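What follows is a short report on a single structure.
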Protein chains: 2
Amino acid sequence: MRAIADISARTKLCAVIGNPVGHSLSPTIHNRAFQELGLDFVYLAFRVEDVGAAVSGMRALENFRGLSVTIPHKVAIIDHLDEIADVDAQIGSINTVVNEDGKLRGFGSDGPGARQALVESGASVASQPVLVLGSGGAARAIAFDLAHRETPSSLVVLGVIEDELGALVQELSEKTGVNAAGELLTEDSLERRIAESRILIHATPIGMHPREEESLVPPELLHPDLTVMDIVYNPYETRLLADARARGLRTVPGVEMFVNQALLQFEAWTGERAPREVMKQVVLDHLDG
Amino acid sequence: MRAIADISARTKLCAVIGNPVGHSLSPTIHNRAFQELGLDFVYLAFRVEDVGAAVSGMRALENFRGLSVTIPHKVAIIDHLDEIADVDAQIGSINTVVNEDGKLRGFGSDGPGARQALVESGASVASQPVLVLGSGGAARAIAFDLAHRETPSSLVVLGVIEDELGALVQELSEKTGVNAAGELLTEDSLERRIAESRILIHATPIGMHPREEESLVPPELLHPDLTVMDIVYNPYETRLLADARARGLRTVPGVEMFVNQALLQFEAWTGERAPREVMKQVVLDHLDG
């Protein structure tokens, strides 16, 4: 086992920056994984107010290899990086930075993490109608990633913040060419849109611990051809997922997306294949109840 | 034992910055000490070219608690700090930074480390004539510290770089009021000045591994009333110290100063009493031969 006392002048640093970061699970997930593979890295957490200064510092500190970026810095950090992919520029936020010899590359791992979780569950996105519930940052990342990297027949977004929803759907159409549509989320729109969909991605905070009994989706709308993914990962099985499972539907828990996005970060920083089961176990161990 | 996997969102960071830093012993010394006391700190090493950006980054990263500063940044870093003591401003360089809630305080620990080593050996500086060999950064730090915090009857500096020597002696006199004098280091000046002294502090690189057979001081000059301190810490017993010991003189090895300066840094960062023997053993374990 690698100990604190084994840290040397060659040890590389990764960290999460945000405000607050005091309850972040990321240090435990990544340090456990570094330990598992015997990699000479450590992962810390820094509360940051001035994201530009933090990034300048990262550039100046040679062994500072990678960042996870969380609220409120996921948008503002982009102006301080050297390179991001088109899909991330369109999303307008990133959650990962890799320092490649002083050149800072940013990317989002939430969209790819969600997509991998869907694919690994056996669901097929190609030529299928996809419905996303929610129009916030996570919904946006997932929708743009699917539009760029898969070929859904349509991508419908239901949300409650009209401006945010309108902008997301318009930009999806214009920038990716996907067949996108949006509607305000109502009982009626939910019923119609779910009936037309094969993949349902719930990307709002409804059902998150401690309000575990809540679900946006009346169970009777869950038809047999639907795959249901929830980005909420605490509890492991949300009410929505429990309802879907009770009806025999394919379900994709939020923990899979959460673990995948961490794996993608880990692999970008270390160049090594991440120890998936170790990282997932850390998440499972920290779920409430 | 604390493992890499125990690092959490509360773990604090200390680091050495310099260029190069790849062979620094500081990470091993401080991490071993953190481990010994079970403190939630890690210590890394960062090669840094832009010291201003590194300091801005330290300010922006809340858990970044402390720096050791080494060549070439010990002078330039002062402009980026919020507070240094008068003695350190006069010395013109520092090797330690403490981040106190975003306020950066710098100080030099080499001078105090050398002084403590002398005092702990049983030597008394008060009202005694002190001779320093060398006029570089270490000699300067030690001379100013002694002038501020002890009361030597005189402080004589012998050096070979005339401008540096002249500036040091003039500033010592003007800024501290100590009875300071300087001369170029020659066989003649060495003989006269050692004869007049009670404490001899060798602060040049002569005798350092791998040129261990060299000494600035002919053994016959080492009179019985002299305490001899060498700032060279590798080898543990330099030729100068061996000659002094063979004559029955009190000797103070450079390892003591080196360990003391690290202890002072550790205590400033952690607020805890440093585990001296653990830290000293790291240094001893890494000496050549």
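Below, read A as the first sequence line, B as the second, and so on, with proteins coming before strands; counting in each chain starts at 1. In this text the structure is predicted, and so the values were computed from the model without any measurement.
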Give every donor-acceptor pair between chain A and chain B closer than 3.5 Å, one pair per line, or write none.
unit_1: A:Arg2; atom_1: O; unit_2: B:Ile4; atom_2: N; d: 3.1
unit_1: A:Ile4; atom_1: N; unit_2: B:Arg2; atom_2: O; d: 3.1
unit_1: A:Ile4; atom_1: N; unit_2: B:Gln35; atom_2: OE1; d: 3.2
unit_1: A:Ala5; atom_1: N; unit_2: B:Gln35; atom_2: OE1; d: 3.2
unit_1: A:Ile7; atom_1: O; unit_2: B:Asn31; atom_2: ND2; d: 3.4
unit_1: A:Asn31; atom_1: ND2; unit_2: B:Ile7; atom_2: O; d: 3.4
unit_1: A:Gln35; atom_1: OE1; unit_2: B:Ile4; atom_2: N; d: 3.2
unit_1: A:Gln35; atom_1: OE1; unit_2: B:Ala5; atom_2: N; d: 3.2
unit_1: A:Ala45; atom_1: O; unit_2: B:Asn63; atom_2: ND2; d: 2.7
unit_1: A:Arg47; atom_1: O; unit_2: B:Glu62; atom_2: N; d: 3.0
unit_1: A:Arg47; atom_1: NE; unit_2: B:Glu62; atom_2: OE1; d: 3.1
unit_1: A:Arg47; atom_1: NE; unit_2: B:Glu62; atom_2: OE2; d: 2.8
unit_1: A:Arg47; atom_1: NH2; unit_2: B:Glu62; atom_2: OE2; d: 3.0
unit_1: A:Glu62; atom_1: N; unit_2: B:Arg47; atom_2: O; d: 3.1
unit_1: A:Glu62; atom_1: OE1; unit_2: B:Arg47; atom_2: NE; d: 3.1
unit_1: A:Glu62; atom_1: OE2; unit_2: B:Arg47; atom_2: NE; d: 2.9
unit_1: A:Glu62; atom_1: OE2; unit_2: B:Arg47; atom_2: NH2; d: 3.0
unit_1: A:Asn63; atom_1: ND2; unit_2: B:Ala45; atom_2: O; d: 2.7

Note: vs chain A, highest number of non-hydrogen pairs under 4.5 angstrom among B:Ala33, B:Gly57, B:Ala3, B:Gly52 is B:Ala3
Residues at least two apart in sequence or cross-chain that pass side chain to side chain contact (heavy atoms under 4.5 Å, CB included) with B:Ala45, listed by chain then number, are A:Ala9, B:Val16, B:Val21, B:Pro27
Closest heavy-atom pair, A:Ala60 versus B:Ala54, reported as atoms and distance to 0.1 Å, is CB-N, 3.5 Å
Looking only at A:Val51, A:Val282, A:Val48, the option with the highest number of non-hydrogen pairs under 4.5 Å against chain B is A:Val48
Okay, A:Ile17 and chain B: the region with an atom under 4.5 Å from a heavy atom over there is side chain
Sequence neighbours excluded, the answer for ring-ring contact (aromatic ring centres under 6.0 Å, His included) partners of B:Phe41 is B:Phe34
CD1 of A:Ile4 to CD1 of B:Ile4, rounded to nearest 0.5 Å, is 4.5 Å
Taking CD1 in A:Ile71 as the centre, count heavy atoms belonging to other residues, nucleotides or ligands within less than 6.0 Å. Is the count above 12?
no
Rounded to the nearest 0.5 Å, the CG atom of A:Leu61 sits from the CG atom of B:Leu13 at a distance of 8.5 Å
Heavy-atom closest pair (B:Phe64 atom, A:Phe46 atom, distance to 0.1 Å) is N-CE2, 3.8 Å
